[in-house]
Amino acid sequence: MKYPNEVCFAVEGRYALFSDPVTRAGGEKCTLQIPTYQALKGILESVYWKPTLIWVIDAVRVCNVIQTQSKGIRPMKYNRSENELAIYTYLKDVRYQVRAHFIWNEQRPDLARDRNEDKHFQIATRMIERGGRRDIFLGTRECQAYVSPCVFGEGESPYDAVPELGFGLMYHGISYPDETDTHEMIVRFWNPVMRKGVIEFCPPQACPHSRTLWEGAVKPFVIGENYRIEEDA
């Protein structure tokens, strides 16, 4: 283990839809070939999340062949109460192994008393064993997924013999004001490369391309008003 609080889990499902947020407003959607950093972080936050910590995705391993399937969908029209016809292109029969760890959210000094590394690690491990605290999705609500413990790198991957495969410029994730030292919401992009089935993610602060979407303040947590700490018995 590279980090003392490192967790590994497998996530799988019949379908997945990882797409750029720009295309989420309406119309037809086409999935990316691999899961994004933000999607995997969202899965782990559905398993276990606290504002005290920030999950960092280290790597993902593609365990099944990358294949797509298109479906006819009748989504609601944007800003209208009627349906329209659209074609959504999904990834089919996906399975990934994910390795991640957590760091403390330094933008939350009001939660410093909750920084117990062993406690959060043990809870996260148990939640992975139980399939997560909340429902798990692969990119979108209609793509139900399931989480289970695993050993990262165990088993065979159809890409074990592929030395290198690039995917071009791709959406990485979003940096929110409560996780950065600026009051800005920033979208990040990078150039992922898969080596023998494994994609090593660069940390958010190391992404080569980014753009500020808007500025916003961090919601404060005030003990006694919207936050409380349970004292030890």
Notebook entry, point to check: Restricting to pairs with a member in residues 42-63, which pass salt bridge (charged side-chain N to carboxylate O under 4.0 Å, His left out), not counting sequence neighbours?
Noted result: Arg61-Asp160
With sequence neighbours excluded, residues passing side-chain contact (heavy atoms from CB on, under 4.5 Å) with [X]:
{"X": "Glu164", "result": "Val193, Arg195"}
{"X": "Ile199", "result": "Ile34, Val60, Phe167, Trp190, Pro192, Met194"}
{"X": "Leu32", "result": "Phe18, Thr36, Met170"}
{"X": "Ser46", "result": "Arg134, Ile136"}

Note to self: Taking salt bridge (Lys or Arg N to Asp or Glu O under 4.0 Å) as the definition, give me every residue that meets it alongside Arg115, ordered by chain and number, with sequence neighbours left out.
What the structure shows: Glu106
Check: Can you tell me if Gln97 uses its side chain to pair, donor with acceptor, with the backbone of Gly153 under 3.5 Å?
Finding: yes
Can you list everything that forms a side-chain hydrogen bond (donor to acceptor under 3.5 Å, both in side chains) with [X]? Sequence neighbours excluded, please.
{"X": "Arg188", "value": "His172, Ser175"}
{"X": "Tyr90", "value": "Glu142"}
{"X": "Ser70", "value": "Thr89"}
{"X": "Asn105", "value": "none"}

Note to self: Going by the rule ring pair (Phe, Tyr, Trp, His ring centres under 6.0 Å), which residues pair with Phe9 if we only count those two or more places apart in sequence or in a different chain?
What the structure shows: none
Next item on the list: Provide the full list of ring-ring contact (aromatic ring centres under 6.0 Å, His included) pairs with a residue in residues 132-162, sequence neighbours left out, each pair given once.
Entry: none
